[in-house]
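Notes to accompany the following structure.
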Amino acid sequence: MDLKFTSARKYVSISVPSKSQTMSPHIKSVDDVIVLGINLSKFNKPAQFFICVSGVFMFYLIYGYLQELIFSVEGFKPFGWYLTLVQFGFYSVFGLIELQLIQDKRRRIPGKTYMIIAFLTVGTMGLSNTSLGYLNYPTQVIFKCCKLIPVMVGGVFIQGKRYNIADVSAALCMSLGLIWFTLADSTVAPNFNLTGVVLISLALCADAVIGNVQEKAMKLHNGSNSEMVLYSYSIGFLYILFGLTCTSGLSPAVAFCSQHPIQTYGYAFLFSLTGYFGISFVLALIKIFGALLAVTVTTGRKAMTIVLSFLFFAKPFTFQYVWSGLLVVLGIFLNVYSKNMDKIKLPSLHGIWKRNVEERKTRTLSQTV
């Protein structure tokens, strides 16, 4: 259909492309969401949510177990960045293989966007892996549950945002829970080091940004999961390789891993494979349901990872871990509630008091009659 209007000053032309014409990659189309060969678009929303959540929990619980298992190898703790390099290399290969299996192989998201996402991904995963050389695994995970804190701080100082009482209460609960958990860890854990707290805090800041950047890029340019994984991790691989080469950290790591190939490269392959599968389901969650729900699901997975860490790996324990962890869980609930106040109606104190007064009046009248 063509519509043209001409005059001395204006010229307007409107055209609608035919079905045979290719749609612009910058326009969101109704493409299939395929994860590990499963076409999620054929299922209804509840089924899509169940499949994604099941995939996230199953693969990331194995991922967390393998990550702690690798760092339990004696002498490996200084090589967290090399593990991230190997992990990014495997992710790039997996993404390339998956991209070859789909029909549309075009890169839709701009290269500059991928450079930013790759930098944030390197910060998130590299600093997180490295922090395990200084922290207990549960302490690292409990920090990663508190992504809301840097998001709110950045929103206040950078964008001038204002938050409601539920958000402020959530951040306060998370902050107190983190402080309590960290103090407990410093008391009972022999390998506690403040360097680990700094590293995981920086990883948390990068992680707080990356979800929203990925969601915006995938929805704006309609990029696929395999494309996002391939380009962000392959560029991140080059970042880390350059950094390790400049700091002379590559040779000692290669020498150590060559002496323990099964415990390092073997575990790293399974660690990367389960992580790649988990990322695919997380990206599907982001694309279908948005970053908020994806963060909520991954936070629940992290809570279960902490429990499994204490069950499978011997480490000192104190009930302060439990109380501080529950405080963080309360903060997570308040955060979810603040984003869904229109859907979740909690009774107010005034409403409870008013209902009790009415029940008492009814009871008194019935006794009088």
Side-chain angles (χ1 to χ4, degrees), residues 25 63 66-67 70-71 76 78-102 104-133 199-200 202-218 220-221 223-258 261 264-280 282-283 286:
Y63 172 90
L66 290 170
Q67 185 181 34
I70 292 171
F71 276 92
F76 186 81
F79 306 123
W81 278 108
Y82 183 71
L83 174 63
T84 311
L85 177 71
V86 174
Q87 185 180 5
F88 274 49
F90 279 130
Y91 280 4
S92 301
V93 174
F94 298 153
L96 181 62
I97 294 173
E98 186 177 1
L99 195 64
Q100 297 304 312
L101 298 177
I102 64 177
D104 189 0
K105 300 179 177 60
R106 292 177 299 166
R107 178 175 62 81
R108 298 188 174 189
I109 300 175
K112 291 182 179 179
T113 303
Y114 275 128
M115 293 180 70
I116 297 173
I117 294 175
F119 180 79
L120 293 171
T121 307
V122 168
T124 298
M125 300 181 66
L127 293 172
S128 178
N129 285 339
T130 307
S131 69
L132 278 177
L199 291 173
I200 194 61
L202 293 174
L204 191 67
C205 293
D207 198 23
V209 178
I210 192 170
N212 290 317
V213 176
Q214 285 177 334
E215 179 183 5
K216 182 178 179 181
M218 292 178 73
L220 179 62
H221 304 285
S224 65
N225 292 355
S226 52
E227 177 197 335
M228 173 66 69
V229 171
L230 172 62
Y231 287 101
S232 58
Y233 284 97
S234 58
I235 296 173
F237 177 86
L238 297 177
Y239 287 164
I240 301 173
L241 182 62
F242 177 77
L244 286 176
T245 304
C246 292
T247 57
S248 302
L250 191 61
S251 298
V254 172
F256 178 85
C257 292
S258 61
T264 54
Y265 292 120
Y267 290 165
F269 171 77
L270 297 175
F271 165 72
S272 303
L273 185 64
T274 53
Y276 178 81
F277 289 161
I279 284 174
S280 298
V282 169
L283 290 174
I286 292 174

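Only a predicted model underlies this, so the values are computations on that prediction, with no experimental measurement involved. Values below: every heavy atom of this structure, side chains too, minus hydrogens, waters and symmetry copies.
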(request) Begin from the C-alpha positions of F79 and C257 and carry the test side-chain contact (heavy atoms from CB on, under 4.5 Å) through to its verdict. (result) CA-CA 9 Å; F79 306 123; C257 292; 5.7 Å; no
(request) Could you walk me through whether L241 and F88 pass side-chain contact (heavy atoms from CB on, under 4.5 Å), step by step? (result) CA-CA 10 Å; L241 182 62; F88 274 49; over 6 Å; no
(request) Could you give me the CA-CA distance, side-chain angles and deciding distance for V86 and T264, then say whether side-chain contact (heavy atoms from CB on, under 4.5 Å) is met? (result) CA-CA 10 Å; V86 174; T264 54; over 6 Å; no
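Note that the CG atom of L238 and the CG atom of L85 stand 9.5 Å from one another [nearest 0.5 Å]. The CD1 atom of I240 lies 5.5 Å from the OG1 atom of T84; values are rounded to the nearest 0.5 Å. Rounding to the nearest 0.5 Å gives a distance of 10.0 Å between OG of S251 and CG of L244. Atom CG in L230 sits 9.0 Å away from atom CD1 in I235 (nearest 0.5 Å). The CD1 atom of I70 sits 5.0 Å away from atom CG of L83, with the distance rounded to the nearest 0.5 Å. Between the CD1 atom in I97 and the OH atom in Y276 there is a gap of 8.5 Å [rounded to 0.5 Å].
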Donor-acceptor contacts under 3.5 Å from residues 118-126 side chains, at least two apart:
residue, atom, partner, partner atom, Å
T121, OG1, I117, O, 2.6
T124, OG1, L120, O, 2.9
T124, OG1, D207, N, 3.3

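The only member of Y239, Y91, Y114 that meets ring pair (Phe, Tyr, Trp, His ring centres under 6.0 Å) when paired with Y233 is Y91.
Residues T247 and W81 form no side-chain contact, since every pair of their non-hydrogen atoms from C-beta on lies 4.5 Å or further apart. Residues S272 and F94 form a side-chain contact, since some pair of their non-hydrogen atoms from C-beta on lies under 4.5 Å apart.
Q67 and Y63 share no donor-acceptor pair across their side chains, judged by distance under 3.5 Å alone.
Looking at every heavy atom in both residues, A203 comes nearest to S128 through CB-N, 3.9 Å. Residues S258 and P261 come closest through the heavy atom pair O-CD, 3.6 Å.
Remark: side-chain polar atoms of E227 are paired, donor with acceptor, to backbone N or O of I109 under 3.5 angstrom.
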